[in-house]
Amino acid sequence: MDPLIMKSMEAKLDKLPSKEKFQAPDLRKAFQTLFKGKSFREFTSGALSGAMAKTAVGPLETIRTRMIVGVGSKNIVGSFKEVMKEQGWKGLWAGNGINLLRIVPTQAIELCTFESTKRFLTSVQNHWEKNGCPQVQIVGWTLDLPVSWISPVAISGAVAGVAGTLSCYPLEVLKDRFTVHPGVYHSISHALSKISQEEGPGALYAGLAPTIIGMIPYSTSYYFVYESTKRAYCRSCNKKSLDRVEALLIGAFGGLTSSALSFPLEVARKRLMVGMLEGRRPTNMINIIRTIIEEEGLKGLYRGWSASCLKVMPASGLSWMFYEAWKDFLLIEGSHI
């Protein structure tokens, strides 16, 4: 064979991949890139803030849930005394373990989704404002769709609330069951098995429809009020960011406002979720609301709202305070790690 041809073939063989030359992909760089990413650090900040805030307000969450679903006393002090008498101090944190399993991923997903969606919608809105609004043609007519009235914060809040709810909803059901009936279920696995056998798997999603319906106005107003108040306050004080106390107070105000708007739907959701309305189990939210009004009047739709405010305001304030603190640490100081 021609020596030139032999050399050409050998050169081609050398270029072919061989087992000796194969190297496993370097996953270390991929993980380093992931951990240094902005979204991952926002995700982590949300998880940590959720765990810290929910543990701090665990007793208020327990009393709030009992009052909403109609268990025991109708006032805060009476409900507190009943829990202490029946279960002791541990009873004030009934369901807190399952609550942490729920709130850590839920808040992480929710806040990460909010930040990511807000950045995306803001960039899209800026692009449209710079290059012209989108247009729609209807029967020969061309209509401009103004985008100045669209609020990226409000839309992002609604998307975040729905995403967080759908991600861990069965854990919300379990948390309420453990709070209202602490002696019925021995563990999470026992609760899952018992509910599935006696009520069917669908019981783990009881109240999902009213939850989503109630979550949209709650989450939209929650994020919109906080971000709008934060922006206006910082502008008036010529500041770039809030300090911890300011984040606590503005977060509490956002929680109060959103709770007032959506609380009747929260009552309907809780009642349907735990299967309690004086022995009856209405099939939908409308029936629940109708029954509450017939038996308790309009004030029944806000039963437990005082306890809810005592829980929601500090929970919202602490969540935002811890979130802003962790985000500052992980995104600013952590960027040098």
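Computed from a predicted structure; not experimentally measured.
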Quick check: is [Y] connected to [X] through a chain of hydrophobic side chains (ILVMFWY, heavy atoms under 4.5 Å apart)?
X: I289; Y: I213; result: yes
X: I109; Y: Y169; result: no
X: I292; Y: L265; result: yes
X: V159; Y: V124; result: yes
X: L242; Y: V245; result: no

Taking only residues two or more places apart in sequence or in another chain, which ones pass side chain to side chain contact (heavy atoms under 4.5 Å, CB included) with R290?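 Testing R290 for side chain to side chain contact (heavy atoms under 4.5 Å, CB included), a comparison that skips the adjacent residues, returns I286, N287, E294.
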By side chain to side chain contact (heavy atoms under 4.5 Å, CB included) - contacts of T55 (at least two apart):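 T55: side chain to side chain contact (heavy atoms under 4.5 Å, CB included) contacts with N96, L100.
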Mutual orientation of the aromatic rings belonging to F40 and F43 [parallel < 30°, tilted 30-60°, perpendicular > 60°]: parallel
Hey, what's the ring geometry for Y222 with Y218, parallel, tilted or perpendicular (30° and 60° as the breaks)? parallel
Minimum heavy-atom distance between [X] and [Y], given as atom pair plus value:
X: Y323; Y: L111; result: CD1-CD1, 3.5 Å
X: V312; Y: G255; result: CG1-O, 3.3 Å
X: Q107; Y: S49; result: NE2-OG, 3.6 Å
X: S116; Y: S39; result: OG-OG, 3.6 Å
X: L101; Y: L171; result: O-CD1, 3.5 Å
X: T220; Y: A154; result: CG2-O, 3.6 Å

Rounded to the nearest 0.5 Å, what separates atom [atom1] in [X] from atom [atom2] in [Y]?
X: K327; Y: L48; atom1: NZ; atom2: CG; answer: 14.0 Å
X: S319; Y: L248; atom1: OG; atom2: CG; answer: 10.0 Å
X: M321; Y: D243; atom1: CE; atom2: CG; answer: 10.5 Å
X: I250; Y: C234; atom1: CD1; atom2: SG; answer: 7.0 Å
X: S156; Y: E115; atom1: OG; atom2: CD; answer: 9.0 Å
X: S189; Y: K194; atom1: OG; atom2: NZ; answer: 13.0 Å

Taking [X] for the side chain and [Y] for the main chain, is one N or O donor matched with an acceptor at less than 3.5 Å?
X: S259; Y: L256; value: no
X: S45; Y: R41; value: yes
X: S219; Y: I216; value: no
X: T257; Y: G254; value: no

Does a sphere of radius 6.0 Å around NZ in K239 hold more than 12 heavy atoms from other residues, nucleotides or ligands, not counting ones at 6.0 Å or beyond?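 It does: K239 NZ has more than 12 such atoms within range.
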Just grab all the ring pair (Phe, Tyr, Trp, His ring centres under 6.0 Å) pairs involving [range], residues at least two apart or on different chains.
range: residues 237-260; answer: none
range: residues 191-217; answer: none
range: residues 223-252; answer: F114-Y223, Y223-W320, Y226-W320

Quick one: does [X]'s side chain get under 4.5 Å of [Y]'s, heavy atoms only?
X: V267; Y: R303; answer: no
X: V162; Y: T113; answer: no
X: K85; Y: E82; answer: no
X: L192; Y: L204; answer: yes
X: M215; Y: L166; answer: no

Presence of salt bridge, K118 and E227, under 4.0 angstrom: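 Answer for the salt bridge query: yes.
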Salt bridge (charged side-chain N to carboxylate O under 4.0 Å, His left out) with R119: which residues, sequence neighbours excluded?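 R119 satisfies salt bridge (charged side-chain N to carboxylate O under 4.0 Å, His left out) with E42 only.
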